[in-house]
Amino acid sequence: MDSLRIYNTLTRQKETFVPIKQAEVSLYVCGMTVYDFCHIGHARVMVVFDVVSRYLKYLGYNVKYVRNITDIDDKIIARATESNEDFKQLTQRFIDEMHQDEAALNVLSPDLEPLATDSIDNIISMIEKLIANNNAYVGTNNDVYYSVESFENYGQLSGRKLEDMNAGERVDVDSNKRNPFDFVLWKSAKPEEPSWPSPWGDGRPGWHIECSAMSTCCLGNHFDIHGGGMDLQFPHHENEIAQSEAATGERYVNTWMHNGFVRIDDEKMSKSLGNFFTVRDVLKKYRGEEIRFFVLSSHYRSPLNYSDEQLNESRSALERLYTALRNVEPVKNNVKSDYIKRFEDAMNDDFNSAKAVSVLFECANELNKLKSSNPEQASLMAGDLLDMAEPLGLLRQDPEEYLQSSTGSDGAISNDEIDVRISQRLQAKVDKDWALADQIRDALKEQGVILEDKGSETSWRRS
RNA sequence: GGCUGAGUGGCAGAGUGGUUAUGCAGCGGCCUGCAAAGCCGUGUACAGCGGUUCGAUUCCGCUCUCAGCCUCCA
């Protein structure tokens, strides 16, 4: 397989990826609503699309990656009221926190991170177009609604028909709407709520319109890839298509990508279920790269079960890869090796990172063998390994530093203390006091430090 | 009720119409003072029932089970 194929939710099949403009890719991903810390589900979106963007660049595309920030909505207003804080202050705080989590996961910043509140003008003009085109109407309560019946292809993405959906089964039907599935474009403000002036009175944008406005503004009316979590398929992305295509008269997006959920005990991790772990929490016990590896160890569309066992396995797996890279000077390999080809085959098959990662392990095995027998070849092999890891955002750290870095646990023994213990043990070894040497080694092991003797030298790592 | 998707060895997780995934764990060996790391060897997995086929875990049908969406959620 020599060209990239991507599963398109719109057609429910893998398609050969052909960008609209040669050598350029426009990518939009629905980002966070910033009223709380990111959880592992958010981490998955960030990592998955970071890899999509990195791999497209690896293939030589000039990528424009936009990921929006939703910084105005009901939950933000509610949370700001709760904490008696200006909503802007609240959202800025969590934007900063989000950036910290991203950095910990080695997620590169998108090229653009537009804010909904910076896009009010675009949102208003898009709503005006929709009203002019008879795709939207002003309700008796002065809210502006999109009329789903006015858009012929409504339901194309989620594969559902208006008549098949059970309106009002779980949520009261809003009597201001002409059709229960009509959705809000502009919501008029209650007293004390943040608001912006508009032709329909003071208010704020509805949830879906911001993404239509920001994506088309940043990437044009018609762009290549739009991504997000599975749960955004309906109604969010369905509504984005309806709004954008009705407003611009053009095809909106070619390829829709949706990542699967993170689960806890076979149940979706979500805010509403309350069964979520924040990235911040998990970083107390695991390295960011371990979380990243965990995310990439399964295909992005599959469910991903979160558990300590899984994270522990990711830890062991990364240890193996970094250990292979120890004591070898990587050299860029100008020949495309078999490993690289197989890696690309895997990634070209709808970003199959799980399969791609397995190639890294085979490469590491080869590297381990070569290290003693053929140092020059080993260097090239290490170069290959790092080249493959790059688009995955893995193995970017110095092996020794990584292996000795903190695993997040509090109260860990310091590097200096470890050095002291090791020199004590080396003396014991010289004295052939094996009992003492073993005792020191066992004690360090209890503190998460593994010693490895090589001749008269001892190296260590945290595990 | 409608619409998706999934069920793989002890665990996790790819993949394939007939041949080794990969990682972790286990077992045996080499190495080591002993370890660790590494290397070598080692596992008759593909929910069930039918069908197509010379041959199916892989294709088709049915059944069962699970998850997701139809409401805010990545």
Side-chain angles (χ1 to χ4, degrees), chain A residues 9 12 29-33 38-49 67 73-75 155 158-172 180-181 183 207 227-236 238 258-263 266-273 276 293-294 297-299 301-305 307 309-310 312-321 323-324 326-327 342 346 349 352-362 364-365 367-369 371-373 403 429 432-435 437-438 441-442 445 450-455 458-461 463:
Chain A
T9 308
R12 310 221 172 255
V29 172
C30 288
M32 267 28 93
T33 301
C38 293
H39 63 226
I40 297 296
H42 298 119
R44 189 174 195 189
V45 182
M46 295 196 281
V47 169
V48 161
F49 288 100
R67 192 187 58 207
D73 90 323
D74 291 353
K75 278 168 300 205
S158 51
R160 61 190 85 212
K161 298 177 185 135
L162 282 172
E163 56 267 30
D164 288 341
M165 295 195 282
N166 286 344
E169 185 167 283
R170 292 200 274 173
V171 156
D172 289 341
F181 291 102
F183 53 91
W207 175 37
M230 296 273 308
D231 49 355
L232 297 184
Q233 247 175 77
F234 189 90
H236 186 55
E238 193 68 63
H258 293 97
N259 65 275
F261 293 122
V262 176
R263 296 185 189 173
D266 286 325
E267 209 176 32
K268 175 184 174 180
M269 176 187 288
S270 76
K271 296 249 172 164
S272 37
L273 289 169
F276 61 91
F293 184 94
F294 163 66
S297 64
S298 77
H299 184 88
R301 282 188 286 116
S302 306
L304 180 60
N305 236 329
S307 68
E309 287 73 21
Q310 288 297 292
N312 289 338
E313 276 207 17
S314 298
R315 169 165 296 173
S316 305
L318 276 173
E319 264 171 23
R320 180 166 166 79
L321 294 176
T323 302
R326 278 195 309 193
N327 307 316
R342 288 169 52 216
D349 184 13
N352 193 335
S353 59
K355 194 177 180 185
V357 162
S358 77
V359 180
L360 303 209
F361 284 100
E362 291 179 40
N365 176 260
L367 169 57
N368 281 329
K369 282 187 269 188
K371 273 203 279 191
S372 54
S373 65
L403 291 167
K429 283 180 66 180
K432 299 231 187 290
D433 185 351
W434 306 126
D438 291 353
R441 187 171 59 197
D442 291 347
K445 191 178 179 187
I450 312 284
L451 300 191
E452 295 177 30
D453 292 336
K454 264 174 297 175
T458 295
S459 61
W460 63 273
R461 62 191 161 86
S463 187

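So that the names make sense, note that chain A is the first sequence line, chain B the second, and so on, each numbered from 1. Bear in mind that the values here come from a model prediction, so they are computed numbers and not experimental data.
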S.K.: Remember a base hit wins even if backbone is also touched, and classify A/S298 as base, sugar-phosphate or nothing at under 4.0 Å, heavy atoms.
M.R.: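 Answer is sugar-phosphate: A/S298 comes under 4.0 Å of backbone atoms only.
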S.K.: Using only modelled atom types and a 3.5 angstrom limit, is any donor from either the side chain of A/H258 or the base of B/A74 paired with an acceptor on the other?
M.R.: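 When only heavy-atom distances are counted, A/H258 does not reach the base of B/A74 through any donor-acceptor pair under 3.5 Å.
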S.K.: Calculate the interatomic distance between A/E362 atom CD and B/C40 atom P; express it in whole Å.
M.R.: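 Interatomic distance, CD of A/E362 to P of B/C40: 12 Å.
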S.K.: Using centres under 5.5 Å plus planes under 30 degrees as the test, is A/W434 stacked with B/G33?
M.R.: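 Stacking between A/W434 and B/G33: present.
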S.K.: Just jot down the ring pair (Phe, Tyr, Trp, His ring centres under 6.0 Å) partners of A/F234, sequence neighbours excluded, or say none.
M.R.: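 Expected list: none.
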S.K.: Holding to salt bridge (charged side-chain N to carboxylate O under 4.0 Å, His left out), I want the full list of residues that pass it with A/E319, two or more places apart in sequence or in another chain.
M.R.: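 Result, salt bridge (charged side-chain N to carboxylate O under 4.0 Å, His left out) vs A/E319: A/R461.
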S.K.: Classify the side chain of A/D231 and the base of B/G68 as holding, or not holding, a donor-acceptor pair under 3.5 Å.
M.R.: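 Looking at the base of B/G68, it does not pair with any donor or acceptor on the side chain of A/D231 (distance under 3.5 Å).
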S.K.: Answer with base, sugar-phosphate or nothing: what part of the nucleic acid does A/E309 contact at a heavy-atom distance below 4.0 Å?
M.R.: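 No contact.
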S.K.: Any strand is fair game: report the nucleotide pairing with B/A25 by Watson-Crick or G-U wobble, both distances under 3.5 Å, or none.
M.R.: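 Checking every strand shown, B/A25 finds no partner, since no pair has both distances under 3.5 Å.
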S.K.: Report the distance from atom CG of A/D433 to atom P of B/C34, rounded to the nearest whole Å.
M.R.: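 Result: 16 Å.
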S.K.: Contact class for A/S270 (heavy atom, under 4.0 Å): base, sugar-phosphate, or nothing?
M.R.: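 Touches a base.
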S.K.: In whole angstrom, give the distance that lies between atom CD of A/Q310 and atom P of B/C24.
M.R.: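 Whole-Å distance recorded here is 14 Å.
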S.K.: Can you figure out which of B/G33, B/A14, B/C69 approaches the side chain of A/A354 most closely?
M.R.: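 So the side chain of A/A354 is nearest to B/A14.
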S.K.: What's A/G228 touching, base or sugar-phosphate or nothing? Going by heavy atoms closer than 4.0 Å.
M.R.: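 Sugar-phosphate, backbone atoms only, no base.
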S.K.: Applying a 4.0 Å non-hydrogen cut-off, can you work out what A/S314 is touching in the nucleic acid: base, sugar-phosphate, or nothing?
M.R.: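 Nothing, no nucleic acid heavy atom in range.
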S.K.: Taking any heavy-atom pair under 4.0 Å as a contact, classify A/D266: base, sugar-phosphate, or nothing.
M.R.: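 Contact class for A/D266: sugar-phosphate only.
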S.K.: To the closest 0.5 Å, what do you measure between NE2 (A/H42) and NZ (A/K271)?
M.R.: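 Rounded to the nearest 0.5 Å, the NE2-NZ separation comes out at 5.5 Å.
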S.K.: Between B/C72 atom C1' and A/F261 atom CZ, what is the distance in whole Å?
M.R.: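 Checked: the CZ to C1' distance equals 12 Å.
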S.K.: Considering just the side-chain nitrogens and oxygens of A/K268, establish if one lies under 4.0 Å of OP1 or OP2 belonging to B/C69.
M.R.: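 Checking A/K268 against B/C69: at least one side-chain N or O falls below 4.0 Å of OP1 or OP2.
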S.K.: Who are the ring pair (Phe, Tyr, Trp, His ring centres under 6.0 Å) partners of A/H258, not counting sequence neighbours?
M.R.: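 Result, ring pair (Phe, Tyr, Trp, His ring centres under 6.0 Å) vs A/H258: A/H237.
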S.K.: Taking N or O atoms only and anything under 3.5 Å, show me the protein contacts with nucleotides 35-38 of chain B, one pair per line.
M.R.:
from: B/A35; atom 1: N6; to: A/D453; atom 2: O; distance (Å): 3.0
from: B/A35; atom 1: N1; to: A/D453; atom 2: N; distance (Å): 2.8
from: B/A35; atom 1: N3; to: A/R441; atom 2: NH1; distance (Å): 3.1
from: B/A36; atom 1: O2'; to: A/R461; atom 2: NH2; distance (Å): 3.3
from: B/G38; atom 1: OP1; to: A/R320; atom 2: NH1; distance (Å): 3.3
from: B/G38; atom 1: O3'; to: A/N368; atom 2: ND2; distance (Å): 3.0

S.K.: Within the structure shown, what part of the strands sits under 4.0 Å from A/V357 by heavy-atom distance: base, sugar-phosphate, or nothing?
M.R.: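 If one applies the 4.0 Å heavy-atom cut-off, A/V357 turns out to touch nothing in the nucleic acid.
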S.K.: Scan A/M269 against the nucleic acid and name what it touches under 4.0 Å (heavy atoms): base, sugar-phosphate only, or nothing.
M.R.: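 Here A/M269 touches the bases of the nucleic acid.
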S.K.: Do any side-chain nitrogens or oxygens of A/S358 fall under 4.0 Å of OP1 or OP2 in B/G15?
M.R.: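 So the side-chain polar atoms of A/S358 never come under 4.0 Å of the phosphate oxygens OP1 or OP2 of B/G15.
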S.K.: Among B/G33, B/A74, B/C70, which is the nearest nucleotide to the side chain of A/K429?
M.R.: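 Selected nucleotide: B/G33.
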S.K.: Look at the side chain of A/K355 and the backbone N and O of A/R342, then say whether any donor-acceptor pair between them is shorter than 3.5 Å.
M.R.: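 Flag not set: sc A/K355 to bb A/R342 has no pair under 3.5 Å.
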S.K.: Check nucleotides 58-61 of chain B against the protein and report each pair of N or O atoms closer than 3.5 Å, with its distance, or say if there are none.
M.R.:
none

S.K.: Tabulated below should be each protein N or O lying under 3.5 Å from an N or O of nucleotides 3-10 of chain B; please produce it.
M.R.:
from: B/C3; atom 1: O2'; to: A/G159; atom 2: O; distance (Å): 3.4

